[in-house]
Amino acid sequence: MTIWQGRGPAVVAGLAVAGLTLGPVAAVLWRAEGLGAPGPADWLAVRFTLMQALLSAGLSVLLAIPVARALARRRFRGRGALVALMGAPFILPVIVAVLGLLSVFGRSGVLNDGLGLLGLPSVKIYGLQGVLVAHVFYNLPLAVRLLLQAWLAIPSERFRLAASLGLTPMAMFRTLEWPMLLRIVPGAFAVIFVICLSSFAVALALGGGPRATTVELAIYQAVRFDFDLGRAALLSVIQLVLALCAGLVALKLGTGAGFGAGLDRAQQRWDGSAVLDAAWLALAALFLMLPLGMVVLKGLPGLALLGAGTWQAAGNSIAVALASTVLCIGWALPLATRRGEMIGILGIALSPLVLGTGLFLIVRPFVNPLSVALPVTVLVNALVSLPFALRILRPEAEAVRHDYARLSQALGLTPLAWLRLVLLPRLRRPLGFAAGLTAALSMGDLGVIALFADPDRATLPLQVYRLMGAYRMEAASGAALLLLVLSFGAFWIFDRGGRVNVDA
């Protein structure tokens with residue numbers, strides 16, 4: 001059996017991932033000399049984190065139900081584009097989304113300008129309300145996609161039977177849709193809850209003070225300003241426990257049988273108000289598209305104001321994204337063929353800021369930590385993106401190993417021949433998608449680099465944040481537009497590359 005079919009590469013990749021996650025955490029704990037006990041500020045951060053995560057997840061799922069239902073039972077021109085739009089915020093850099101939301105909901109935003117003309121009081125974007133708006137902007141599309149897939153999984157024959165029996169829309173909802181929601185909503189809620197638990201860039205830009213500090217932002221403050229590694233490690237453990245508890249709750253509540261198999265016919269629905277469905281879809285599309293449109297509208301004039309520092313930061317972001325993608329795919333490929341998904345979960349189970357701090361502590365006796373800010377960012381981005389890449393690659397990789405391993409062994413294929421002739425050709429499509437997602441996430445990440453970067457080693461998201469902090473909003477808008485183009489461009493290039501001549 002060849003090495004790529006055996007356990008060798010998976011063991012090497014697994015040890016590397018485990019070492020790069022557990023090693024930095026151990027370094028932080030060693031330097032911290034004990035975890036201590038949470039203080040009043042820590043409990044305040046925990047309470048705010050739980051509150052905003054509960055509200056964000058609840059609002060995202062609650063608003064997603066009518067939107068997903070409308071998409072499931074209506075067919076119209078542009079429906080495919082709207083469904084695709086629901087996936088865009090996931091790869092949108094957080095700092096770009098924040099800038100777009102400020103253009104709409106900020107002090108001089110479109111909404112407050114309209115309220116001022118009507119003589120109504122303005123709304124505030126900073127604080128809890130700003131964090132909620134940003135999280136709903138990000139997670140509403142994710143909740144819609146999760147619920148939409150569950151809605152479309154209900155066999156169309158059930159709706160045909162309900163219509164032939166003359167069930168009212170409310171009776172049809174109670175009989176067919178409500179049981180599905182009871183099965184799917186807890187899991188969707190828990191996924192979004194965990195995402196919001198680790199919120200950093202949103203709270204950094206829109207938090208608005210100590211009363212609106214998340215646990216992840218408190219970790220950043222403990223390391224960046226106080227270098228209190230004990231407090232950072234303690235908060236990281238608290239965050240990990242909260243995430244694990246949310247996962248266990250979802251596993252406990254999100255059970256139940258489905259509706260069985262149908263004949264795979266497209267759903268045809270005659271119930272409900274088409275006008276109400278159209279209103280929900282229009283509101284969702286406006287909420288998602290208006291901030292992106294404002295980024296483009298305000299960013300075009302700002303492109304002329306970009307200086308050499310911004311272009312250098314863009315080059316750094318491209319290099320970080322490419323290196324993170326190569327490293328992440330290099331780990332994901334062998335782990336996906338040997339069911340190594342649990343190893344990859346380590347990358348998001350712990351705080352990225354703690355991982356970055358631990359890596360800096362490890363290299364500190366040998367080199368100046370500021371000089372390796374970009375390589376450390378590459379490692380952390382690859383670790384954080386690894387679970388997503390494994391989820392994309394694992395089903396296809398296991399199918400290839402199951403279908404072709406014995407034949408390849410009988411033919412005596414070398415490891416390189418197995419990789420070149422068997423594995424990679426059949427993984428081109430998921431590899432392209434995984435690489436595109438990793439590149440986009442790494443391009444827009446504002447995390448570890450915010451801890452230790454100096455002006456010469458900033459990435460583009462950090463440069464946008466610095467321009468916003470200096471109140472150079474036109475230049476920040478131009479840099480945000482550049483970041484938006486680079487992120488979506490990286491995703492498109494890799495994803496398109498995986499689909500070109502895929503059947504050849």
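Everything numeric in this text was worked out from a predicted model, so none of it was measured.
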Completion exercise
Across all chains, not counting sequence neighbours, the side-chain contact (heavy atoms from CB on, under 4.5 Å) partners of A134 are L101, V202, L206
Completion exercise
Residues at least two apart in sequence or cross-chain that pass side-chain contact (heavy atoms from CB on, under 4.5 Å) with M473, listed by chain then number, are L99, M468
Practice task
Using atom types as modelled and distance alone, determine if a side-chain donor or acceptor of S60 lies under 3.5 Å from a backbone N or O of S56.
Solution key: yes
Exercise for the section: Would you please name every residue forming a side-chain contact (heavy atoms from CB on, under 4.5 Å) with Q129, sequence neighbours left out? Expected result: K124
Problem - Salt-bridge present (D42, R231; N to O < 4.0 Å) - result: yes
Problem - Results of side-chain contact (heavy atoms from CB on, under 4.5 Å) for A439 - residues two or more places apart only - result: T325, A490, F494
Fill in the blank from the handout: Paired with C328, the side chain to side chain contact (heavy atoms under 4.5 Å, CB included) test is passed by just one of L383, L386, N381, namely L386
Exercise for the section: Let me see the working for R69 and D277 under side-chain contact (heavy atoms from CB on, under 4.5 Å), right down to the final yes or no. Expected result: CA-CA 8 Å; R69 193 184 191 205; D277 286 345; 5.7 Å; no
Exercise for the section: Of all the heavy-atom pairs spanning G478 and L303, show the shortest one and how long it is. Expected result: O-CD2, 3.4 Å
Practice task
For T459 and N316, indicate whether the former's side chain and the latter's backbone hold a donor-acceptor pair under 3.5 Å.
Solution key: no
Fill in the blank from the handout: Sequence neighbours excluded, the answer for ring-ring contact (aromatic ring centres under 6.0 Å, His included) partners of F433 is F491
Practice task
Sort and list the pairs that fulfil ring pair (Phe, Tyr, Trp, His ring centres under 6.0 Å) and have at least one residue in residues 273-294, not counting sequence neighbours.
Solution key: F137-F287
